Participant: 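I'd like to ask you about the structure that follows.
It should be emphasised that the depicted structure is a prediction, and the values quoted were computed from it without experimental measurement. Quick note on labels: first sequence line is chain A, next is B, and so on, each numbered from 1.
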Amino acid sequence: MYLGLDEPVRECQYNQICTRNSLPMETLGHKKKKIPRRKWQVFPGRNRFYCNGRVMMARQTGVFYLTLVLIMVTSGLFFAFDCPFLASNLTPAIPVIGGVLFFFVLGMLFRASFSDPGVLPRATPDEAADLERQIGAANGPSGPGYRPPPRTREVVINGQTVKLKYCFTCKIFRPPRASHCSLCDNCVERFDHHCPWVGNCVGKRNYRFFYLFILSLSFLTVFIFAFVITHVILRSNRTGFLSALKDSPASVLEVLVCFFSVWSIVGLSGFHTYLISSNQTTNEDIKGSWSNKRAKDNYNPYSYGNILTNCCAALCGPLPPSLIDRRGFIQSDTPQPVSHSNGSSMYASTQLHTHMAAATPLLHSNSVMIGGGGPPFPGKSSLVVPCASLAPSQPSLPSMPGLSCAGDMLTLRDPDTHCHHHHFASPEETPSPSGPMPLTLPCAAHMTHGGHIHPAQLYDPASQDSLHEDSVRGLVKLSSV
Amino acid sequence: MSLEEWTHSLQDMRQQAAIAAKVFIQRDYTNGTVCQFQTKFPSELETRIDKQQFEETVRTLNNLYAEAEKLGGSSYLEGCLACLTAYTIFLCMETHYEKVLKKIAKFIQEQNDKIYAPRGLLLTDPIERGLRVVEVTIFEDRSLGR
């Protein structure tokens, strides 16, 4: 196919058609910068996010608010009605200690409720396909009506055989101790349980906060219970029991709340202390995974052997980072309108090819480099391609988009990373006459404009990382051999 | 051939020139839930890279992750200090794990630039895949010799 200089009018007409058919992204980009979305907005699990992705909770948060109200109301009543008496008659240390405990409880509650429990991100399509292939190969060909066995993998951990189950929702083999929470619809690492009181799952990342919350809450409950009783007793000694109750009616409410809480909270703390010391999760304990009753030689392969190490590991061990990048921006796949080299059309096509081959290795598979593929700049890329033969520009240019994309790719934590600079480069940076309405300019001129603008845009990220430049050059050498 | 057809054929060429295959190095759970990757050399990479080189990369990666999750005096100290300050200290400083993750990112970038990119391969930082796999992208070799 020959793209000759004798067909400028036709090409410009084509450009016109393309820009009309261009996707909204382009027109938006021309009018105003489209706000890139953050990953939490497209998170597949059933979670709620607040504060622009900083806070992550389960969908049902009603009980969490109940917890909050109970704690605040009871503590509030304590500080308002009981503390003045106790501070003046006993010691002012009581409200101080109470205050410290109260804030610690709230802090731990918020930390447990608002942080990512250790959600495992779902598999990318490539990973899922690869796993499916492996599972299919392992199972062998299945005839009609044959139901494939459940997907499990066995692994030996410290001498114990552990079965890893395949999660159909997340399309991954769950790591040991991970479990899929049906309420949140996520696989959570070291899944303990889903706590409605906290409004979140309790997993690897927030287990220590949960434990410290229930521990400090049990201290607070016992503290309030004890001192409210003390207060009532001291008052009754002076004025009699019934009048004491009449003088501080709040105390009755507090005692009731605390009495019922003590049993449950202290009991729960005790239970979790046991779990921590034996390095088990609630899930494992309930299922009896490591119990001797299951098999004689059944033991917990994750335990460190002694109670102290288990406790330290659970409470003071390193805090793993969140695997779901909630506040990262989604880089939508956009083709890179590459302004590129040379003279003749034939050479252009092969050169284009090699340059693409050179540049694409550093782009993610989903990214579309050039060649009219994909949204949202089909017009743009077609625009660029035919004009290549008309207006030669520097040969080094084609490598730059790949370069900057690579730089972005390796720094941004997103499987679908793409240079969102390029997103806006063409429509915004090309001078307005040659923006969405290129028909007013001959293509060559447009190309030159593009040639000027693109490097300016593309060089910015590129200049940040010259290492990638070298690697791209390496690839160029490889492909142009 | 019309312009559209030429563009489409170019697109096909581009797709062929891009990714040939992806290999996933899975996690190795034999030591428990610590982040370790299997050092088994995948057969798809046989033609591209030296087995020793690859295993060395994965081993170094494993060591780095082990360092991140190590239980020792310094991690306990950090944990206790954090607890005492009600975890507000992490507003100012990075956790030890995060520091090592940065080291890992740098290591992978370095490996890619020095060893993998010249061979038409690309390692993806496992943190981008939720620490599940090390994704190795194999690019089609367009050199004329083949």
Side-chain angles (χ1 to χ4, degrees), chain A residues 1 11 14 104 107 111 120-121 123-124 126-127 130 155-158 162 164 172 175-177 190 212 301-302 312-313 315-321 323-324 349 352-354 356-357 360-362 365 369-373 381-382 385-386 410 413-415 467-468 470-471 474-475 478-479 481, chain B residues 1-8 10-11 13-15 17-19 22 24 27 29-33 68-71 75-76 78-80 82-83 86-87 90 95-98 101 105 108-109 112-113 117-118 120 122 124-125 127-133 135 137 139-145:
Chain A
M1 187 208 142
E11 274 142 39
Y14 182 78
F104 191 76
R111 242 359 259 244
L120 285 168
T124 57
D126 293 320
E127 274 181 71
D130 186 63
V155 68
V156 178
I157 301 175
N158 285 339
V162 176
L164 303 183
I172 57 169
R177 310 191 98 176
R190 204 189 180 278
L212 288 171
Y302 310 110
C312 287
L315 301 175
C316 305
L319 190 63
L323 297 175
I324 51 171
S349 61
L352 208 73
H353 186 56
T354 50
M356 284 192 306
T360 48
L362 291 172
S365 56
M369 184 68 178
I370 193 176
S381 27
S382 334
V385 164
L410 294 173
R413 296 169 60 189
D414 180 2
L467 275 175
H468 297 291
D470 294 335
S471 48
L475 280 159
L478 178 78
S479 352
V481 159
Chain B
M1 204 203 300
S2 73
L3 200 59
E4 290 93 337
E5 287 170 49
W6 190 77
T7 317
H8 283 308
L10 202 62
Q11 187 180 349
M13 282 200 292
R14 174 200 51 79
Q15 284 169 343
I19 294 163
K22 279 192 183 186
F24 297 97
R27 283 271 294 269
Y29 294 114
T30 51
N31 288 330
T33 52
E69 298 185 30
K70 195 175 71 139
L71 295 170
S75 70
Y76 289 151
E78 190 188 45
C80 288
C83 183
Y87 297 91
F90 292 136
T95 66
H96 172 67
Y97 208 116
E98 282 167 356
L101 283 179
I108 289 191
Q109 190 177 310
N112 271 333
D113 295 333
L122 180 73
T124 306
D125 195 338
I127 198 76
E128 292 179 32
R129 296 287 179 270
L131 291 182
R132 291 186 305 265
V133 286
E135 187 178 301
T137 316
F139 292 98
E140 222 175 80
D141 193 0
R142 304 299 305 174
S143 57
L144 294 171

Participant: Please find the pair of heavy atoms, one from A/Pro321 and one from B/Leu101, that lie closest to each other, and give the distance.
Facilitator: CG-CD1, 3.2 Å
Participant: Could you tell me if the side chain of A/Leu323 sits less than 4.5 Å from the side chain of B/Ile127, heavy atoms only?
Facilitator: yes
Participant: If I compare all heavy atoms of A/Pro175 with all of B/Tyr29, which pair ends up nearest, and what's the gap?
Facilitator: CB-OH, 3.1 Å
Participant: For chain A, find which of B/Arg132, B/Glu78, B/Glu69, B/Glu98 contributes the most heavy-atom pairs closer than 4.5 angstrom.
Facilitator: B/Arg132
Participant: Compare all side-chain heavy atoms of A/Arg190 with those of B/Thr33 and state whether any distance is below 4.5 angstrom.
Facilitator: no
Participant: Quick check on the interface: out of A/Pro301, A/Pro176, A/Pro320, A/Gly317, who has the most heavy-atom pairs with chain B under 4.5 Å?
Facilitator: A/Pro176
Participant: Are A/Leu315 and B/Cys80 close enough that some pair of their side-chain heavy atoms sits under 4.5 Å apart?
Facilitator: no
Participant: Nearest 0.5 Å please: distance from the SG atom of B/Cys83 over to the CG atom of A/Leu212.
Facilitator: 5.0 Å
Participant: Atom CD1 in A/Ile157, atom OG1 in B/Thr30: separation rounded to 0.5 Å?
Facilitator: 8.0 Å
Participant: If we define contacts as heavy-atom pairs under 4.5 Å, which of A/Leu319, A/Asn158, A/Leu164 has the most with chain B?
Facilitator: A/Leu319
Participant: At a heavy-atom separation under 4.5 Å, does A/Val156 approach chain B through its side chain, its backbone, both, or neither?
Facilitator: backbone
Participant: Please state whether the side chain, the backbone, both or neither of B/Ala82 comes within less than 4.5 Å of a heavy atom of chain A.
Facilitator: neither
Participant: Taking the side chain as everything from C-beta on, heavy atoms only, tell me whether B/Arg129 gets closer than 4.5 Å to A/Thr124.
Facilitator: yes
